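Step one of this worksheet: look at the structure below.
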Amino acid sequence: MNHLTKIYGHRFNRVAALTDLSFAVDAGEFVGIMGPSGAGKSTLLNILATIDQPTTGTVTVNGTAIGALSDSATAKFRREQLGFIFQDFNLIGDLTVADNITTPLTLVPPVPANLASRLAAVAKLLHLTALLQRYPAELSRGQQQRVAAARALIAEPSLILADEPTGSLDSLAASELLGYLTQINLQEDRTILMVTHDAYTASYCNRIIFIKDGTFFAEVTRNGSRARFHQQIIDMAATLSGGIAHAPRR
Ligand SMILES: Nc1ncnc2c1ncn2[C@@H]1O[C@H](COP(=O)(O)OP(=O)(O)OP(=O)(O)O)[C@@H](O)[C@H]1O
């Protein structure tokens with residue numbers, strides 16, 4: 001992210017959602033983005049997801065400046081390089097778990113020859129093998145979110161974008177999903193960028209970038225136990241106005 005600025009609105013009604021925001025994420029990192037409400041987190045995620053464009057500044061992923069791509073190249077980039085895990089799982093109710101997971105690969109031909117083995121591998125990783133023929137309505141929320149995570153992974157994206165992925169899960173399901181994300185990050189070497197308001201959720205990351213008023217405020221890097229990192233995140237969040245510091249939930 002290089003000098004990202006995003007201005008919404010017009011002359012008399014301008015909102016600077018991002019102002020000269022710059023930071024870098026290394027391949028294989030698990031980075032959390034935190035900041036008070038209105039800090040610009042969703043705006044940043046939308047730009048990274050290629051849903052929105054910055055007013056000025058550039059985003060480079062694996063050497064590709066994503067703002068400079070044509071529409072079709074952007075669609076290809078999104079399909080091949082990005083995985084999304086959002087708070088609302090957006091599963092398709094009429095499709096089985098297996099079909100939901102494989103949609104990123106079956107929507108646009110050609111369908112890869114190794115589709116079945118990729119499905120089997122990702123289902124095994126997320127403990128979904130026994131659930132593949134069920135429908136989303138027959139699953140718990142935690143299982144549904146794991147299906148959404150599997151769908152995000154099956155195209156083997158280099159970057160996974162997660163927006164409050166544990167937001168609608170109870171604490172057990174949240175911890176389970178975070179454990180899986182950690183596993184995906186470590187074993188599959190996937191880079192994960194996760195927006196969260198929750199210090200406990202953030203403590204699963206390796207580094208937290210705090211943004212405030214659309215610009216970089218501070219970062220905290222994990223260099224000890226997760227419990228210590230959790231406390232460091234709470235302390236940093238407490239220095240920001242807007243009440244993003246949560247008391248430990250567990
Ligand atoms: N489409 C839009 N038009 C005008 N202003 C917008 C638009 N989207 C966001 N904003 C403004 O940009 C700023 C950043 O919003 P953004 O949604 O990125 O914050 P956020 O950090 O994700 O907040 P939250 O934690 O509440 O979701 C806010 O002041 C918001 O009101």
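Computed from a prediction, not measured in an experiment: that's the story for all the values here. Both ligands and their constituent atoms are indexed starting at 1 by order of listing.
Pocket lining of ligand 1, defined as residues with a non-hydrogen atom under 4.0 Å away: Tyr8, Val15, Ala17, Pro36, Ser37, Gly38, Ala39, Gly40, Lys41, Ser42, Thr43, His197.
No side-chain heavy atom of Thr96 sits under 4.5 Å from any side-chain heavy atom of Leu132. Contact check for Tyr204 versus Arg226: side-chain heavy atoms found under the 4.5 Å cut-off. Counting heavy atoms from C-beta outward, Arg207 and Val220 have side chains that stay 4.5 Å or more apart.
With hydrogens and angles left out, the side-chain atoms of Tyr180 and Asn185 include no donor and acceptor closer than 3.5 Å. Gln81 and Ser158 are linked by a side-chain donor-acceptor pair at a separation below 3.5 angstrom, with hydrogens and angles left out of the test.
Relative ring orientation between Phe86 and Phe84 is described as tilted, the plane-to-plane angle lying within the 30° to 60° band.
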